[in-house]
J.: 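Quick one: this structure, given as structure tokens, is what I'll be asking you about.
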Amino acid sequence: MKHLVAALLAIGLPFAHAGTPDAGDPAPGRAIHLDGRLPDGSALRARRTDLPDMTGTAAACAQCHRRSGMGDQEGRLRVPPITQASLFAPGRSLAAGRAASGIEIAGTRTETRPAYTVDSFARALRAGIDPAGRTLAPWMPRYDLDDAAVADLLAWLQQLGPIGGASLRGLVDNTLHVATIVTPDAPAARREALETTLSAWARQQTFGDVRVALHVWRLTGDPAGWRTQLQRQLATQPVYAVVSGAGAGAAQWAPVEAFCEAASLPCVFPLIDGTPASAPAGQHHALYLSEGLTAEARVAARAVAALTTAPTRLQVWFDSDPGRDAAQTFRTTLAPDAPDVQLRDLRLQPVATGQPLAAAGELVVAWLAPPQVRTLLATPSDGRRADALPAVWLSAQLAPPEALDLAPAWRPRVRWASLRSTPDRFRAAAVTGLQPWLRTIGLDPMLATPLQGEVYAAAYFFTDALQRSRGAWSAEHLLERLEAGVNNRAAAGAYLRLSLGQGQRVAAQVGQLQGWAPPDHRTLVPMSPVLNANR
């Protein structure tokens, strides 16, 4: 019910109004707004007339009005902003929302009201009375705040606004500067897709009379020095956000994420394998398309639970540290009644050439790259037919189907745990999304690739979020608009589905098993229901 807080305040210009208090301190005001913590360190308490009281983080203003203070919208239910640009300006009259003729959705009307003063703002917080003397909706909490705490909260809200203060980092002379980051270990194909596609997008993209300037920050040397390089780049050329990027594994990207969080810089959907370890509480500036092998491992584990016939034995093979981590995630995600798992590190226990993988009825889940897969899945030397072979599940990220030319006997037995669309679905989605976009930015639409599709997702959702911000371009509001805008739209083409909720940072939410369709086993098709990838 928290998003029904539509009756608070329509909010913000400087307050030279009656009852101006001594200047407050924005630091404790920030704690009230974001954390629900009072200046003395105790938990904020929110009293409501029709619902249980709330304390601490649950009572924080940001729970409904968001970190940016710009409010929120769910369908017809509007949570108004509480920023400097709206709090002390007169309210605007909006039409009431109606679910049907004669049925008003409570709280959707914003009545014309006088501008708030410091005194009327304090009264609204404490007693739920607006400047016109009207009682605010019962779901708007009432707070026991003394004058000093009100002054601190106002000092913080003064720092919020359409562009987060007096100026917007990266916006200079009608040019919005953005960066993309390339690490030295990024695969060549990713670097090429990123730089070619994103540069073409930046040359064409405008927001009204604001043009985009793209800066490619190419890192060098050991990862230990990357954060310092990025800090130097940002000091030399301030940017508004990092759009996409190219790297290798999640561990190598960790210094980039740490830089983004420390600089409060939105970093949107880089092309990397997975995500760094879970971000500490309160860190939310880095957004990712998927968790990579970790999410594939969860999909595979849930697919085991969906099997109608359990395997007689379950083996999990890997030959790298990322593969080991995926194998462990797979084992811990399995249902309690799943078959026992035998983990096998092929670096320590190699499979002898010509040795059978396993018997019919067994399942081998292998986190291996194409060369190892080709060796293991060679034509059976004992002449066994497909129905006498074990089932083998592979990682679509480590060993994509297009990288393997499997022996005919193995083709019916192999599946891939995948977060991405099948080739046919990707091509169909590209016709309505990626290809027209490539044509618009001056690239050949007939050469569309899944890598370009991922760059497209980053650029599309970034552009969409700014356009939906209606000129309120604070970094926090951009992230909030990204959360609201990423929802299974055409830009998801390379993935089965993308969506973000409040506080989430990984957009690919589902996956499935895919395999070759009979009778010729040449077309990749879904072989399982859509399964949850991230929880």
Side-chain angles (χ1 to χ4, degrees), residues 190 193 244 250 268-275 287-307 326 329-330 333 365 367 393-404 414-438 448-462 464 482-501 504-517 522-535:
R190 288 184 186 171
S244 194
V268 182
F269 300 149
L271 278 65
I272 61 172
D273 294 328
T275 67
L287 301 178
Y288 298 92
L289 287 170
S290 86
E291 287 186 291
L293 299 185
T294 300
E296 286 183 345
R298 296 194 192 107
V299 167
R302 289 174 180 128
V304 169
L307 292 174
T329 297
F330 172 81
T333 307
V365 180
W367 305 97
W393 293 1
L394 303 173
S395 159
Q397 181 170 300
L398 285 177
E402 62 270 18
L404 300 171
V414 175
R415 303 285 185 268
W416 283 267
S418 180
L419 309 179
R420 291 175 168 82
S421 304
T422 61
D424 285 350
R425 185 179 183 274
F426 170 74
R427 285 191 291 269
V431 169
T432 58
L434 175 58
Q435 289 181 348
W437 183 76
L438 290 174
T449 67
L451 283 174
Q452 285 182 316
E454 296 196 26
V455 179
Y456 167 49
Y460 176 92
F461 288 125
F462 174 79
D464 180 70
L482 279 165
E483 289 176 0
V486 178
N487 186 19
N488 199 28
R489 302 168 72 175
Y495 285 87
L496 291 171
R497 187 177 306 158
L498 297 179
S499 64
L500 284 174
Q504 293 179 344
R505 67 177 196 147
V506 179
Q509 300 291 323
V510 300
Q512 64 184 185
L513 286 186
Q514 297 171 355
W516 302 112
R522 292 289 174 184
T523 303
L524 202 67
V525 297
M527 292 287 183
S528 80
V530 172
L531 302 165
N532 194 308
N534 289 325
R535 290 186 297 278

J.: Parallel, tilted or perpendicular: which describes the rings of Phe461 and Phe269, with under 30° parallel and over 60° perpendicular?
T.: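 It falls in the perpendicular class, over 60°.
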J.: What residues form a salt bridge (Lys or Arg N to Asp or Glu O under 4.0 Å) with Asp273, not counting sequence neighbours?
T.: Arg190
J.: Step by step, work out the side-chain contact (heavy atoms from CB on, under 4.5 Å) result for Leu287 and Val486.
T.: CA-CA 11 Å; Leu287 301 178; Val486 178; over 6 Å; no
J.: Closest approach of Glu454 and Ala494, non-hydrogen atoms and distance?
T.: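 Nearest heavy atoms, Glu454 then Ala494: CG-CB, 4.4 Å.
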J.: Mind listing the closest non-hydrogen atom pair of Ala396 and Glu296 along with its distance?
T.: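 That closest heavy-atom pairing would be N-OE2, 3.5 Å.
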J.: As an exercise, state the distance from CG of Leu496 to CG of Leu531, rounded to the nearest 0.5 Å.
T.: 10.0 Å
J.: Which distance, rounded to the nearest 0.5 Å, do you find between the CG of Leu438 and the OH of Tyr456?
T.: 9.0 Å
J.: Can you tell me if Gln514 and Thr422 form a side-chain donor-acceptor pair at under 3.5 Å?
T.: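 Short answer, no.
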J.: Is the closest side-chain heavy-atom distance between Pro401 and Trp516 below 4.5 Å?
T.: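 Yes, side chains in contact.
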J.: If you look at every heavy atom in Phe426 and Ala448, which pair is closest and at what distance?
T.: CE2-O, 4.4 Å
J.: Is any side-chain heavy atom of Val304 closer than 4.5 Å to one of Phe330?
T.: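 Yes; the side chains approach each other to less than 4.5 Å.
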J.: Supply the atom-to-atom distance Gln512 CD to Arg415 CZ, rounded to the nearest 0.5 angstrom.
T.: 12.0 Å
J.: Taking side chain to side chain donor-acceptor pair (under 3.5 Å) as the definition, give me every residue that meets it alongside Thr275, ordered by chain and number, with sequence neighbours left out.
T.: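 Partners of Thr275 under the side chain to side chain donor-acceptor pair (under 3.5 Å) test: none.
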J.: For the residue pair Ala533 and Ala508, what are the closest heavy atoms and their distance?
T.: CB-O, 4.3 Å
J.: Using only atom types and a distance under 3.5 Å, with no angle test, would you say the side chain of Arg302 pairs donor to acceptor with the backbone of Asn532?
T.: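 Judged by distance alone, yes, a pair lies under 3.5 Å.
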J.: Nearest 0.5 Å, please: how far is CH2 in Trp367 from CG in Leu398?
T.: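 One finds 7.5 Å between CG of Leu398 and CH2 of Trp367.
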J.: Over all heavy atoms of both residues, which pair between Leu500 and Arg505 is shortest? Give the atoms and the distance, please.
T.: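 In terms of heavy atoms, the two residues are closest at CD2-C, 4.0 Å.
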J.: For Ser421, give me all partners under side chain to side chain donor-acceptor pair (under 3.5 Å), at least two apart in sequence or on another chain.
T.: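 Testing Ser421 for side chain to side chain donor-acceptor pair (under 3.5 Å), a comparison that skips the adjacent residues, returns Arg425.
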J.: When rounded to the nearest 0.5 angstrom, what distance separates CD in Gln452 from CH2 in Trp437?
T.: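 Reported to 0.5 Å precision, the distance equals 8.0 Å.
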J.: Taking all heavy atoms of Ser395 and all of Leu293, pick out the closest pair and write down the distance.
T.: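 What the structure gives for the nearest pair is OG-CD2, 3.4 Å.
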J.: For the atom pair CH2 (Trp416) and CE (Met527), what is the distance rounded to the nearest 0.5 Å?
T.: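 Reported value, rounded in 0.5 Å steps: 9.5 Å.
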